[in-house]
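Everything below concerns the one structure shown next.
As a basis for the values below, the full set of heavy atoms in this structure was taken, side chains included, without hydrogen atoms, waters or symmetry mates. In each ligand, atom 1 is the first atom listed, and ligand 1 is the first ligand listed.
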Amino acid sequence: MKILVVVLMAVTWAELSGALDNGLALTPPMGWLTWERFRCNLDCVNDPYNCISQNLLMQMAELMAEEGYLNAGYNMISLDDCWLAHERDEQGRLQPDPDRFPSGIPALANFVHGKGLKFGIYEDLGTKTCAGYPGVLGHLQTDANTFAEWGVDYIKLDGCYSSQEEMDEGYPQFGMYLNNTKRPIVYSCSWPAYQNDPNYTAIINSCNLWRNFNDIADSWTSVTTIIDHYGDNQDVLAPLAGPGHWNDPDMLIIGNFGLSYDQAKTQMAIWSILAAPLIMSVDLRDIRPEFKYILQNQRVIAIDQDPLGIQGRRFKKSGSIEFWLRPVTPVDNDNHSYAVGILNRGDSTPTKVIYATLKEKEG
Ligand SMILES: *[C@@H]1O[C@H](CO)[C@@H](O)[C@H](O)[C@H]1NC(C)=O
Ligand SMILES: *[C@@H]1O[C@H](CO)[C@@H](O)[C@H](O)[C@H]1NC(C)=O
Ligand SMILES: *[C@@H]1O[C@H](CO)[C@@H](O)[C@H](O)[C@H]1NC(C)=O
């Protein structure tokens, strides 16, 4: 997998208007999320180092600030499922598990802010979260207010235990309540991932980013399945993306167990061509240096964060070779520059195809 930048003739890259305008996520969000690596590990007795707890978040926040991730652009850290207590408090508000978050969420948010990072949290639109903790349904306004009071800057709202109708009504409503709090909060929706025929007009009106497809798992098969989904459905999906509103192919699994060095570079490159949120889920305490280097690669991140915010496309497939193109700055008259990703999914090195295709497309 190689990324190079060449100037090609202008192509028409349609963009939709009428998107959520809260001034946030003008480039794809970058951060760190607990889920893919730490899941719903509740066992702080036998596995205190890896359980979902305030300690885990604080350690990761410190490492993000100290180890160059924040400087590279990863400016948010977020809890996923399994931070909650099983019951709401006496006033009907959400509360964290008292053993694993003894200082409470506002203190944790303060700590994270003190490291120069934004603080993210997870909830679910339904009656329960996917792991069975209290969901927001029936408490939309209370919970939006609670998050704002706690100092939350980013919320991932999952879609388990809710119907199509509840989602179509609830996601915009929760967005409205977030807006009413006056606190800038990036709104990440799982809405389309739970529907067969999502109403993207409504979705881009309400959400800063949205999951379209299956959860990522720690494997190359999972990564290629996701890449194929975004390539096969690009005519629907690519035009939805733009500053403030992004398709989310799910977390970066770089640095975990399932990807080789080259496969990790491929995820980073294709996610950047896709203008995808770059949300790591990896143990920053023991990540190998070569994976850290991929995650912090400034030239690839610059492609992901290109201010035009145009999602790239799978431009051509030739046998096992795929060509991915993304229009980026600088723009000279009507000529975009392009980031080019060349993905070889075969076992050999068919250089001839690559040069022939690039030559054919050169301006
Ligand atoms: C609320 O919505 C208005 C109108 O779209 C927008 O201008 C404003 O920035 C939003 N405020 C917040 C805090 O999201
Ligand atoms: C999709 O959402 C838009 C905006 O909320 C709405 O006007 C439209 O009727 C919806 N379309 C369908 C098919 O429900
Ligand atoms: C694109 O760039 C070429 C080469 O610099 C130039 O000849 C052409 O006029 C440009 N096209 C437009 C539409 O500006």
Side-chain angles (χ1 to χ4, degrees), residues 14-31 33 75-79 93-94 105-106 109-110 112-113 116-126 136-137 139-159 162-213 233-248 277 279 305 307 309 311:
E15 225 216 291
L16 296 187
S17 56
L20 170 65
D21 180 22
N22 59 4
L24 303 174
L26 297 182
T27 61
M30 293 176 67
L33 182 65
N75 63 1
M76 183 277 295
I77 184 166
S78 184
L79 290 164
R93 289 173 309 194
L94 295 167
I105 300 297
N110 268 342
V112 165
H113 292 150
L117 294 159
K118 308 265 186 213
F119 176 68
I121 210 159
Y122 166 100
E123 244 299 353
D124 187 291
L125 179 66
V136 302
L137 205 67
H139 307 265
L140 269 55
Q141 187 169 15
T142 306
D143 294 349
N145 290 341
T146 302
F147 292 144
E149 282 161 24
W150 285 353
V152 167
D153 309 295
Y154 180 106
I155 169 144
K156 171 179 172 183
L157 194 65
D158 214 335
S162 62
S163 68
Q164 305 276 315
E165 295 71 29
E166 283 163 346
M167 281 188 258
D168 288 347
E169 216 176 282
Y171 274 104
Q173 256 175 25
F174 192 75
M176 183 195 74
Y177 289 128
L178 287 178
N179 183 281
N180 289 348
T181 69
K182 305 276 197 291
R183 185 178 173 85
I185 300 177
V186 173
Y187 187 23
S188 165
C189 301
S190 303
W191 186 359
Y194 288 87
Q195 299 189 334
N196 292 326
D197 187 18
N199 183 345
Y200 277 113
T201 311
I203 290 162
I204 68 170
N205 260 303
S206 294
C207 308
N208 290 114
L209 62 155
W210 48 82
R211 285 279 311 284
N212 312 85
F213 190 55
N233 297 287
Q234 60 190 2
D235 289 343
V236 173
L237 299 180
L240 304 173
H245 44 103
W246 311 100
N247 294 298
D248 178 8
I279 312 288
Q305 297 287 300
Q311 178 170 326

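In this structure, Asp248 CG and Ile279 CD1 are separated by 7.0 Å, a value rounded to the nearest 0.5 Å. Interatomic distance, Phe174 CZ to Cys189 SG, rounded to the nearest 0.5 Å: 9.5 Å.
The residues lining ligand 2, counting any heavy atom closer than 4.0 Å, are Asn199, Ala202.
Using a distance-only test at 3.5 Å, with no hydrogens or angles considered, no donor-acceptor pair links the side chain of Ser190 to the main chain of Ala193.
Atoms of ligand 1 found under 4.0 Å from any heavy atom of Arg183 (numbered from 1 in listed order, with element): 13 (C). Every atom of ligand 1 with a heavy atom of Asn22 under 4.0 Å away is listed here by number and element: 9 (O), 14 (O). Each of the following atoms of ligand 1 lies closer than 4.0 Å to a heavy atom of Asp21: 5 (O), 6 (C), 7 (O). Close approach to Lys182 involves these atoms of ligand 1, each under 4.0 Å from a residue heavy atom: 13 (C).
In terms of polar-atom proximity, defined here as any N/O pair under 3.5 Å, Asn179 does make such a contact with ligand 1.
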Criterion salt bridge (Lys or Arg N to Asp or Glu O under 4.0 Å) on Asp158 and Arg211, from CA distance to verdict: CA-CA 9 Å; Asp158 214 335; Arg211 285 279 311 284; over 6 Å; no
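Smallest separation of non-hydrogen atoms from Val186 and Asn208: CA-OD1, 3.5 Å. The shortest non-hydrogen separation linking Ser78 to Tyr154 is OG-CD2, 4.4 Å.
If you check the side chains of Asp168 and Gln195, you find a donor sitting under 3.5 Å from an acceptor.
Exactly one of Tyr171, Trp210, Tyr200 qualifies for a ring pair (Phe, Tyr, Trp, His ring centres under 6.0 Å) with Trp191. That residue is Tyr171.
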